[in-house]
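Residue numbers begin at 1 in each chain, while the letters A, B, ... track the order of the sequences.
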Amino acid sequence: MPIYNPRETEAKWQRRWEDAKLYTTNLEDFSKPKYFNLVMFPYPSGDKLHIGHWYNYAPADSWGRYMRMRGANVFEPQGFDSFGLPAENYAIKTGVHPNISIAQNVQYMQKQLHEMGTMYDWDKMVVTSDEEYYQWTQWIFLQLYKKGLAYRKNAPVNWCPQDQTVLANEQVVDGRCERCKAEVTKRDLTQWFFKIRDYAERLLNFDGLDWPQKTMLMQQHWIGRSEGSEVVFELCDKEGKTNGKSVTVFTTRADTLFGATYMVLAPEHSLVLEITTKEHRRNVEEYIEKTKKETDIARSAEDREKTGVFTGAYAVNPVNGEVIPAWIGDYVLVTYGTGAVMAVPAHDERDFAFAKKYQLPIVEVIRPQKSETTLPHTPYTEAGVLTNSEKFDGLNSEEARKKITEFLMKKNSGKFVVNYKLRDWLISRQRYWGAPIPIIYCEKCGEVPVPEADLPVELPRDVDFTPKGDGKSPLNTVESFVNTKCPKCAGQAKREVDTMDTFVDSSWYFLRYPSAKMSDKPFDKEMTKYWLPVDMYIGGPEHACMHLLYARFITMVLHDMKHIDFDEPFKKLVHQGMITKDGAKMSKSKGNVVSPDQFVEKYGSDVFRMYLMFMGPFTEGGDWNDQGITGIARFVERFYVLMRSKDKVANKEELDRAVHKTIKKITQDIENFQFNTAVAALMEFVNTANKTGIDHESQLVMTRLIAPLAPHLAEQIWEELGGKFSIVDHSWPAFDPKLIVETQLVLPVQVNGKLRGQISVAIDEKKETILELAKKDAGVVRHIEGKTLVKEIYVQGKLVSFVVRD
RNA sequence: GCCGGGGUGGUGAAAUGGCAGACACGCUAGCCUUAGGAGCUAGUGCCCACAAGGCGUGGAGGUUCAAGUCCUCUCCCCGGCACCA
């Protein structure tokens, strides 16, 4: 019968912690170094907390506990990212108002998080759909608006022609509406954007950030900076007569300009219909309609068959006056560059395939340094030497890019530009469950921002949120919301009915935590100055390019407006891996969501969190299975029994060595977020101590070592050992290097790279003696006898290696 | 397709270029028992087994005295791709 009762013990300590307000951080205690330990807040979904949340939050909490034991004033808040699509869809389906379902989910998840035994300071909780939060999200919008970083333009949305409604990407399955299966197309709407592109250059700079290399790489590639040229092509008729219109293209290969034999515009390019000639209109229009059913991912796939149609229009190549046809093709995206490209089939894979298919001319203008041409079989896409390029012949690609662009500059038909793949941030959502965009449209004054004093623009509660069929936000049906007075002239005006992307909510929530209780401002200047930036931010790698980029952007904007004095929100970033079930991401639709509750019920929170840690490296995740959880349950029992055992030591020297090696190992492992090997080290210690015996002093050390990983168990043992409440406020143990030193060493001996023997030597033995000893080892003798010894290697303290020849 | 990450026993995994498989789960044999979420002891990569040996980190090459680790190519899996969050 096990002695340790996790259920009872954990409930007891959770109560004591709460009664003592142990995890309520005094934000004004400046006596200790501050530590803002943050996890990405959860969405309060109907699935409640799943295994993946635990996998993320338990080690993150262990980290916070470790930092607290290292003497920091740790602030570990938690909240809920509660606006968004799922609650709205649930409401449409069941009629339950998002306010209600969200409140229920929040309550349940809070209870689950409480049972985890986390150090969350619930006094400072934020819930993004609460009015006291979203009024400040609206304030954030107004700041960007004030700075000229919010603007409106047309942009396409997924449109279901059957339901007459806007669809999220997630609601489009294989090009069809998830609900009615109708083929999804695109429709242009006027929408709000944030000018994140203005910050592209600054967002590329990660100086001073302790972030995973891969995350910075992904953001860099997402921003996608490239240096190139813009080239203006005058439009003309077949004979070359210009008509005053022009198309600008972006290219990184101005050196190939003489090889441009046609141009391609994105089907959505604003000039397309204007330049298309009568006889091509039908083809072009059909092609545009077809394109509306394709995703950008499919369109930009390199192995996809290139398609396009001729517009009937022509353009003049500014560098040689050549008249080239203007096509449209879906492999050109309107969102990148200028939405139009010059096509150089001899030196670009896609242009080459396109030219072959539509029998367009291929003109070679670049050759590899000395070798012959690769044409007509494959295009030559590398840099080289110019040919067929008039006065630029003989230049190399790099020089030519510069010289040709300079030549165009003189003619006013080109310039150097830096282009980014990053697009401006579309924040408009035609949905109910989000923060209303605080803008009013006045008949006289036009677009007017809601004055800050008038915030919040309250999200009305009684709204028919079923899709209306006109593609507008459900707020458009609430007359008391829509109709308002202009803040400037008091005349008749209408409110913006779109709400904000939930990424806006989550782009600043970390600023709110220390000031969560303040009702008169988004964040307190002094509190923010002291507590921000976040010292440790932990969350999934799937947020690398969106949430993490948006949060950096908003932070930079607020910094530039002098609202805060730092411009990066997260000093250190760590990603947890993803937990899958049968190889798939857990989701309700797949029916593979595993709840932690049953395991907590059976084994307790400590066992469960240690099992999740023990599964593998924190950053890697893995496929969920519960085989092996008994191993942790057994360990907890054995640990508890060992810590309660009477002072009795058979081998003090070996015990001390084990204790201090374990301190060293666990400290290192926790610092590196390698909780799996930290747990293993504790197990190894128990195995050793069961042989050597243990004394009270070592028990006190080991209990502190397990405290971040199994907080309830540690608190219980600590009390039984006579320690003062609470263990998290006792210092982290330090190891004594002298006690770890070994005197004897077992060295492996290799012959020709294969292990053939082992020798035991004193740690400070001389190289010569070691080599002699190694040669006498029976296993080694067998393999070197009668052979020529060509090389002898001794790697200090590591191994001996002989190389022999017959 | 593009960008990023990953592939090691029956399973989860460990390993500053230096003894591959620590620590666990599972399994096998034995012991013990207040029959439990038991406990203890021994064994457990594969082949061959008395030993000695051979093979082995998705696959194919390469560098090195020595490669899971570094390099080249390749296959497979996962995450992201801008309205899931």
Side-chain angles (χ1 to χ4, degrees), chain A residues 1-2 40-43 45 81 83-86 89 157-158 166-172 212-215 217-222 224 295-304 335 421-431 501-503 505-506 540-547 549 575 577-578 580 583-585 587 602-603 607 611 614-617 619-623 625-635 637-638 674 676-677 679-684 687 746-755 757-758 779 782 790-793 795 797-804:
Chain A
M1 196 61 184
M40 290 181 187
F41 60 170
Y43 178 81
S45 118
D81 189 12
F83 271 139
L85 193 62
N89 282 342
V157 292
N158 297 316
V166 177
L167 298 177
N169 286 343
E170 196 191 44
Q171 297 172 297
V172 182
Q213 205 59 48
K214 63 162 186 171
T215 311
L217 248 185
M218 277 194 272
Q219 285 202 358
Q220 269 165 25
H221 289 144
W222 181 265
T295 65
D296 280 6
I297 294 174
R299 285 172 62 177
S300 54
E302 271 170 26
D303 62 344
R304 184 167 184 260
T335 48
K421 277 204 186 80
L422 182 68
R423 316 213 284 254
D424 274 343
W425 177 9
L426 194 169
I427 60 143
S428 291
R429 297 292 181 269
Q430 295 71 40
R431 297 185 204 290
D501 176 12
T502 55
F503 277 123
D505 308 331
S506 58
E542 67 273 20
H543 293 291
C545 293
M546 305 193 67
H547 162 62
L549 199 65
H575 296 302
M578 176 173 287
T580 55
K585 200 169 166 174
S587 76
K602 191 167 174 193
Y603 299 100
V607 167
Y611 178 59
F614 190 61
M615 267 175 66
T619 52
E620 272 169 37
D623 200 57
N625 74 69
D626 59 7
Q627 315 164 7
I629 192 164
T630 62
I632 302 291
R634 282 175 203 158
F635 161 71
E637 177 70 11
R638 295 205 296 158
Q674 282 157 355
N676 53 332
T677 49
V679 175
L682 285 167
M683 289 173 169
E684 270 182 276
N687 293 342
V746 176
L747 287 177
V749 184
Q750 296 182 342
V751 179
N752 286 354
K754 292 211 162 87
L755 179 72
Q758 285 188 328
R782 252 199 306 277
V790 273
K791 208 165 178 180
E792 307 178 13
I793 296 159
V795 184
K798 289 282 187 212
L799 60 30
V800 178
S801 182
F802 295 120
V803 185
V804 297

B:A82 C1' sits how many Å from A:His543 NE2, rounded?
14 Å
Taking the side chain of A:Phe614 as heavy atoms from C-beta outward, which of B:G37, B:C23, B:A22 is closest to it?
B:C23
Quick one: is B:G1 close enough that its OP1 or OP2 comes under 4.0 Å of any side-chain N or O from A:Arg304?
no
Nearest whole angstrom, please: distance from the P of B:C81 to the NZ of A:Lys421.
16 Å
When the nearest nucleotide of RNA chain B is assigned to A:Asp81 and to A:Leu747 on a heavy-atom basis, which residue is associated with the more 5' position?
A:Leu747
Proximity to the side chain of A:Asn687 - top-ranked nucleotide from B:A24, B:G80, B:C19
B:A24
Check whether the side chain of A:Gln430 and the base of B:C83 form a donor-acceptor pair under 3.5 Å.
yes
Between A:Phe635 (CZ) and B:A38 (P), how many Å, whole number?
18 Å
Find the partner of B:G18: check Watson-Crick (N1-N3 plus N6-O4 or O6-N4) and G-U wobble (N1-O2, O6-N3) distances, both under 3.5 Å, and reply none if neither fits.
B:C65
Look only at the side chain of A:Asp81 and the backbone of A:Phe41, and say whether a donor-acceptor pair between them is shorter than 3.5 Å.
no
Is A:Asn625 near enough to B:C25 that one of its side-chain N or O atoms lies under 4.0 angstrom from OP1 or OP2?
no
Among B:C83, B:U16, B:C23, the nucleotide that comes nearest once only the side chain of A:Ala168 is considered:
B:C83
Which residue, A:Val803 or A:Asp623, contacts RNA chain B at a nucleotide closer to its 5' end, judged by nearest heavy atom?
A:Asp623
Check the angle between the aromatic planes of A:Phe503 and A:His543 and answer parallel, tilted or perpendicular using the 30° and 60° thresholds.
perpendicular
Please state how far atom NE2 in A:His547 lies from atom C1' in B:G80, giving the value in whole angstrom units.
15 Å
Base orientation of B:G9, chi within 90° of 0 counted as syn, else anti, reads syn
Regarding the side chain of A:Val157, the nearest nucleotide among B:C84, B:C83, B:A15 is B:C83
Strictly below 4.0 Å: does A:Arg638 bring a side-chain N or O up to OP1 or OP2 of B:C40?
yes
Identify the nucleotide, in any strand shown, that forms a Watson-Crick or G-U wobble pair with B:C31, with both distances under 3.5 Å; if there is none, say none.
B:G39
Can you figure out which of B:C2, B:A82, B:C65 approaches the side chain of A:Glu302 most closely?
B:C2
For B:U57, give the paired nucleotide (Watson-Crick: N1-N3 plus N6-O4 or O6-N4; G-U: N1-O2 and O6-N3; both under 3.5 Å), or none.
none
For atom OH of A:Tyr43 and atom P of B:A85, their distance in whole Å
7 Å
Can you measure A:Glu637 atom CD to B:G36 atom C1' for me and round it to whole angstrom units?
11 Å
Taking only the side-chain heavy atoms of A:Pro86 (C-beta and beyond), determine which of B:A85, B:G26, B:C81 contains the nearest atom.
B:A85
Distance check: side-chain N/O of A:Arg634 vs OP1/OP2 of B:A24, anything under 4.0 Å?
no
Nucleotide of B:C23, B:C65, B:C83 approaching A:Lys791 most closely (side-chain heavy atoms)
B:C65
Is A:Gln758 side chain donor-acceptor paired with the B:C19 base, going by distance under 3.5 Å alone?
yes
